[in-house]
Each structure stands twice: as structure tokens, then as C-alpha cells.
Protein chains: 2
Amino acid sequence: MTVTLADVAARAQVSPATVSRVLNGNYPVAASTRERVLKAVDELDYVLNGPASALAAATSDLVGILVNDIADPFFGIMAGAIQSEIGGPGGRAGGERLAVVCNTGGSPERELTYLTLLQRQRAAAVVLTGGAVEDAVHKAAVAAKLRKLAEAGTRVVLCGRPPAPETGAVALTFDNRGGGRELTEHLLGLGHRRLGYIAGPEERTTTRHRLEGHRAALAAHGVEEDPRWTVHGRYDRQSGYEATLELLRRDPTLTAVVAANDSVALGACAALRDSGLRIPGDVSVAGFDDLPFSIDAVPALTTVRLPLAEAGARAGRIAMGREEPPPGGIATVRGELMVRGSSGAPRG
Amino acid sequence: MTVTLADVAARAQVSPATVSRVLNGNYPVAASTRERVLKAVDELDYVLNGPASALAAATSDLVGILVNDIADPFFGIMAGAIQSEIGGPGGRAGGERLAVVCNTGGSPERELTYLTLLQRQRAAAVVLTGGAVEDAVHKAAVAAKLRKLAEAGTRVVLCGRPPAPETGAVALTFDNRGGGRELTEHLLGLGHRRLGYIAGPEERTTTRHRLEGHRAALAAHGVEEDPRWTVHGRYDRQSGYEATLELLRRDPTLTAVVAANDSVALGACAALRDSGLRIPGDVSVAGFDDLPFSIDAVPALTTVRLPLAEAGARAGRIAMGREEPPPGGIATVRGELMVRGSSGAPRG
DNA sequence: AGCGACACAGCAAGCGCTTTCTATGCATAA
DNA sequence: TTATGCATAGAAAGCGCTTGCTGTGTCGCT
């Protein structure tokens, strides 16, 4: 019922080996033979059996992309960029590879399971995007898995994720610390001294790094931080909304709110607006990432632009072996401060 | 070097067949034997060879999800919902399946190629999301492909996409026409009579359906449409910005702008604002989809909410055979009008 | 004319797993 | 005790493809 290589071979009056070689094009085949084979393929509407081919050749054309949340443009943009370089259909590369995006939902277990699944499929490469979880046990487990993948010949690239030493993985890390510092310095420069900070989930590297940058800036300016000024939440709008109300409750005299990312900042804006406060007249707001929608906030969001698409594209090329990995296998990708309407001098 | 089933068998002092059966758990194996095998698996850190298993069993655990633009939350939300039901790691289903999200970028060729790739992998199921291209040739090609997939035992589900007759595919279609009509009726009810419409790409079904709904509403209210009031563009913010300027140029007396979707509407808002017009004081704006960010627009966007997550989840369940397909294999999913601040009575 | 070299094509041995069919052992029934 | 069955394990035949090696003609060279 299903057409196999042998059927094509029979029809083209050649051996299966020849058909395989025509299809893979890595062995000399006479033009006339090739044509005959191609014709047979076409007539029989033959479709290669991927698993069989992967088994025999001991390689597959699957490339895995792990993301924390596929509904978040932060990951969508990176995934899209990676995929376009992987050379899925229409991509720039030659061979047709199946780029598979896996949604971990931020769960460490799922991350591990997906890695195993990918290992099982003998994936050609794997790109992990976004921050990692700090938990030592999980970190070790992931590192072990990555090492194993690398040993099996799978190229591993981390995009926007801290390096994983001793795993052979190439890392393109975002300078979250630097970006956070710069952002807060901007606010301090405007004269703010009482800054609320809405951090992401406590256990994520991204959260910690951005917060550290923020604190470094405060320290550098001799501003003593009040513990009440930091609230942890999720990386979404609702969390930003709630956290802002909480911050306002704790200290109504805050003149600025720095958010873990743009979605959170949007929620913060909504909460401030609902509380009758003007932005930036009463309170300045800052985000992080510079996702497309942040320019449409009113006022437009001051934030740190992360070159998501560029980093993703580069990660994709490295994963495909079409670009040299950075020296030492680690590169830091810097963000750029985008000053817009949501930040201004504090009142008074 | 790589551990195989045979290695595990040797270590556990059983035959490969037994190991396979323990791993697949569909054949009686004595508890003590099972334990021994599991122990060996663990000790050797054995990982099943996916391709080999797929080849032998003639089925794979891959499920494909095709999206037009992975960076667009519209698709991200659906994909996430589908995936959670597919029962990837952590999903509700039992078996671990690899949900693979494929980004077609809206290109018909890529769509076809991805389908072939999935066919090649003998995917267990395929879910196609979002509008289709109207081109007859391509439509036929996709239909043929879908038919073939179905014949090969791959379950095919369309989510937010018009039905594909004679292909055996189950379709969950969004009522874009109805939503469009309702939206425009709302605007007409407010007293608007000169409505600009920013449509999506001409060749997409979604574009046509929404536009038809809009026009049906106009016709029902006896409003004669000026051809200058419709502009086609892409489904993104920038396109909305440019199209709005164009509309304003063509007819500065418009009192409302209806956008193809929320991103376009956001661009429209920006253009209006930049043109010194107030929303909704001077011009009302309406979007479509009700993506999360549309509530954060200022003023919040009047739009049609599409139950993206619900539809995706349902599509996922149907794809996994965990929910009965709708009668006739076709179901229409309705949107809900969300009236918010961006629409109001026209001036004068 | 004779010989090596070359360009192709085919043979056949797997790749690592699943699964049918067949053995074995032991408990139960007669 | 012998027959009957059930529970469980193993042997072995593929699944459809790739690829190293082995032919076989055809050239070009001396």
C-alpha cells in the first residue's frame, strides 16, 4: 500500500541503492538514470520514510527549539528567527530540516523530557532559549543531558540563556545585568530615588540578573534600597498589575516602577492608571525586552531592547554549523536602552 | 558506543523482546523481570532510538502543528493550547508525544513542504491553524496532501481554518464573517456612516470573510460603501499604521476605522494619534481577535474575541482522538464582540 | 593492442526496534 | 498421574533505508 524505495527502483528499473543515491545526491549517478528515477518517484508519488532513513543513516533532520512560552512573543520572535536559519522549507539552507518548537511552559521537568524526546529522535541540533531555572539539581540534570546530546553528535546552542559549562554547548547570553543597570541608571539620572521593582519568578536566572543590575545601579548611586520596593511575580501582564497595586500599598510615595519585562510593565501601567496616577507625571514606568507592542503603550514604554531576532538567527546558524561559534563558545549579547515617554523626571 | 536495546537485554539477562515489552508495557511481563529490566535501563542510561522504533512499529509519536507566524501571539496561543492537549511532556495525555510547531510564514510552498516533511516522519497527527490561501492550485495541492496523510493514518485537524472537503480533515472554523458583521453593526449602531476598513492580505480566507461580514453589515444598514474606504495590507502593526494614513489621505472625513486584527488596529491607533486625531472622539477604532495586549491599548480596543485557547485545546484533543469530532467533521466557533473604549459615537 | 583508471550500478549487510509465532514451565483439572 | 491451560520468555523475521564493497563496461594511455 505505501510506496517504498524498492517500488520506485522496480519502476525505474534500477536497484534501490541507485534510487537512494539519486534522492540523496551524494554519489555520481548518470543523468539519464537520475531522470528515470525522478520520473518514477513522481509517478508513484513516493515519499521517503523518515524514520527508516534516520535509522539507516544514523542521523535525522530534526532540530529542536525549546521555549518557555510559545504564546509569548519574546520566544516567538526568537523561535521564528532560529527556524528561518535552520533552513526549514524556504529557509536559506539547502537540506530540508524539520525545526520543531517545543513548549516547556517554564517547567524544568518538561524541559528535561523534551530533551530526552529530542535525544530519542537523534536530533541534529537543539537550541534552548530563554532563562534557566537556578535549582542546582535541575541544572545538573540538564547539563548531563546536554553533554550526552553533544556526545551523540547533536549540536547544542543556548540562546538568551546563561552558559552551561562543560557541556560543549555554545551560549549566546543576553546581558540582562547590564541592561538592568542601564535602565535604572536612566531613572536615577532623571532624579528618581524611590523605585519599585517588579521582578519575575524568583528561581529564574533572568530574574536574578536583571534584579542584580537594578541593585548595582542603586548602589552605585548611593541609594539605599527598601526591601518593600521589590515584589516577585510571573512574567505576565496580570502579575504586573497585581504587583503594582501591592507596591503602591506598601509605599505610595514611589516615583518609578521598573518591571521585569514589557508585559509586566503593561500591567503596571494599567494598575497605575486605575489608581488614578499619571505616567510619567506621577510615576515613571520601565520595561525590558522591547517587544513590538511596547511602542504602542501610551505613553510608549521606556525599555531595554534585546536583539531577539538577531540573536536567534545567529543561534540558528551556529546550530547548523554555518557560522563559527564565538571564541570560548560564549558570547554576550547586549541590550540597548530605549528611552520613551513612560519615563520622566519625578514630581516635586 | 550508544546503548541499544540489546545491551539492556544482555545486562538484564533477558531477550531484547522482553525489554521492548517492558518499555512499551503492552504485554504481560513478570514483575521481577520488569524490575530487572528497568534497573538495567537506568544503569545503562538507555534512551530508546526513536527512528528505529518508529520504523519497526510503523508509527511515530510526532504531532505537527502548522502556524503562519510563530511570533504572532494569535498563533502562539493556539499552538500552546494544542500542544498542552497533545500531551507532550507534562500534558494531560499519557504517552509522550513530541508536538512540533512548524512556522510556514504564510507561504503556501512552505506549508506544503512541511506537510511532506511530516508525512515523511509518519506523524501521528497534524493540526493546521489560521487562514488558508485562496489560490485554487495551492488549495488543491494541500487538499491532496491532506487526503494522503489521512490515508496513511495521520489524523488531520484544521483549527481556525475553513473546511477542506473530501480530505477527511476535521475543521474547527472561526466565524470570521459573523464577527466582522457584528463589529461593524456595533459601529453603525453608534451612528458611524463613513467607515474605513483595513483588510489583510487579499489572498487569505480570513481576510475575505471578515471583509464580507463588514460589507454585509453595511449593506444591511443601507450604507453604500465607497471603494476608497478599503485598503489591503499585512496582518501587522506597521501595515495598520500605513494603511490608516492612506485612508486618511483618501477621505479625511472617516469617523471609524475597522482593522483586520488587533495588531493592525494598534498601528491604526498610532497613526491616528500621530495625525492629531483623538480616539474615539474623532475616530473610532476596532480590532479583531482580542489578543492579550488589546486591553492595554489606550483607550482599550473594541474588538471581537476569538476563543483561541479553547479552540486550540479542542483541536488538540480531537487530533489525539480523545474527543469526538463534531458531526460532519465541521464546527463553527463563534467570536464575541468586546465593546471597549476605542469605539464611541461619531463627532457631530 | 593491452592495461590501468574511471564512472556507474548493484549486492548485501546492517541500522535498532517491534511483533508474531513458538517454546517452556508451572498450576490446575481430570 | 497425565492432560490442559495459562502466564511468560525467546527466536527470528522483518520495517525501509543507507553504504561499503564489488562488479562491469568504457576510455585513454602507452
Side-chain angles (χ1 to χ4, degrees), chain A residues 1-38 40-41 44-62 95-96 117 119-124 152-153, chain B residues 1-38 40-41 44-62 95-96 117 119-124 152-153:
Chain A
M1 45 160 253
T2 36
V3 182
T4 73
L5 235 210
D7 298 332
V8 176
R11 172 138 198 153
Q13 316 239 51
V14 296
S15 74
T18 302
V19 177
S20 171
R21 299 205 256 247
V22 167
L23 261 24
N24 292 300
N26 47 17
Y27 190 89
V29 173
S32 65
T33 313
R34 176 199 318 290
E35 226 167 85
R36 211 143 30 91
V37 170
L38 256 19
V41 165
L44 294 175
D45 213 0
Y46 169 68
V47 177
L48 187 72
N49 182 319
S53 147
L55 172 59
T59 58
S60 94
D61 46 10
L62 240 60
E96 270 164 9
L117 242 32
Q119 183 184 6
R120 193 175 279 188
Q121 300 296 333
R122 306 299 188 252
Chain B
M1 44 157 260
T2 38
V3 182
T4 73
L5 235 212
D7 299 331
V8 176
R11 172 138 198 153
Q13 315 240 50
V14 295
S15 74
T18 302
V19 177
S20 171
R21 299 204 258 245
V22 167
L23 262 25
N24 291 301
N26 45 17
Y27 190 89
V29 173
S32 65
T33 314
R34 176 200 319 291
E35 225 168 86
R36 213 147 25 94
V37 169
L38 256 19
V41 165
L44 293 175
D45 214 1
Y46 169 69
V47 176
L48 188 73
N49 183 318
S53 146
L55 171 58
T59 58
S60 94
D61 48 9
L62 240 61
E96 271 163 8
L117 242 33
Q119 183 184 6
R120 194 175 278 189
Q121 300 296 332
R122 306 297 188 252

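We use all heavy atoms of the structure for the numbers below, so side chains are in, but hydrogens, waters and symmetry mates are not. A, B, ... follow the sequence lines: proteins, then strands. Residue 1 opens every chain.
For the pair B:P51 and B:N26, both in contact range of DNA chain C, the more 5′-proximal nearest nucleotide belongs to B:P51.
For the helix from C:dA1-D:dT30 to C:dA30-D:dT1, the terminal axes (five pairs an end, C1' atoms, rotation from four pairs onto the next four) enclose an angle of 40°, given to 10 degrees.
Each of A:T2, A:L23, A:V37, A:D7 was evaluated against A:Y46; a single residue qualifies, A:L23, per the side chain to side chain contact (heavy atoms under 4.5 Å, CB included) test. Partner of B:R36 under the side chain to side chain contact (heavy atoms under 4.5 Å, CB included) criterion, out of B:V14, B:T18, B:V41: B:V14 alone.
Atom CG in A:N49 sits roughly 9 Å away from atom P in D:dT18 (whole-Å rounding). Protein atom CG of A:L55 is 11 Å distant from nucleotide atom P of D:dC17, rounded to whole Å.
Contact check, B:T4 against C:dG16: no side-chain N or O comes under 4.0 Å of OP1 or OP2.
Residue A:A57 places its side chain closer to D:dT18 than to any other of C:dG16, D:dC17, D:dT18.
The backbone N or O of B:G50 sits nowhere less than 3.5 Å from a side-chain atom of A:R120 that would complete a donor-acceptor pair. Between the side chain of B:R34 and the backbone N or O of B:V22, no donor-acceptor pair lies under 3.5 Å. Panel note: side chain B:S60, backbone B:R122; a donor-acceptor pair is recorded below 3.5 Å.
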Footprint string (nucleotides 4-12 of chain D, 5' to 3'): B base within contact, S backbone only, - free, heavy atoms under 4.0 Å: ----SBBB-
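Contact record, B:A9 with B:V19: CA-CG2, 3.6 Å, taken as the closest heavy-atom pair.
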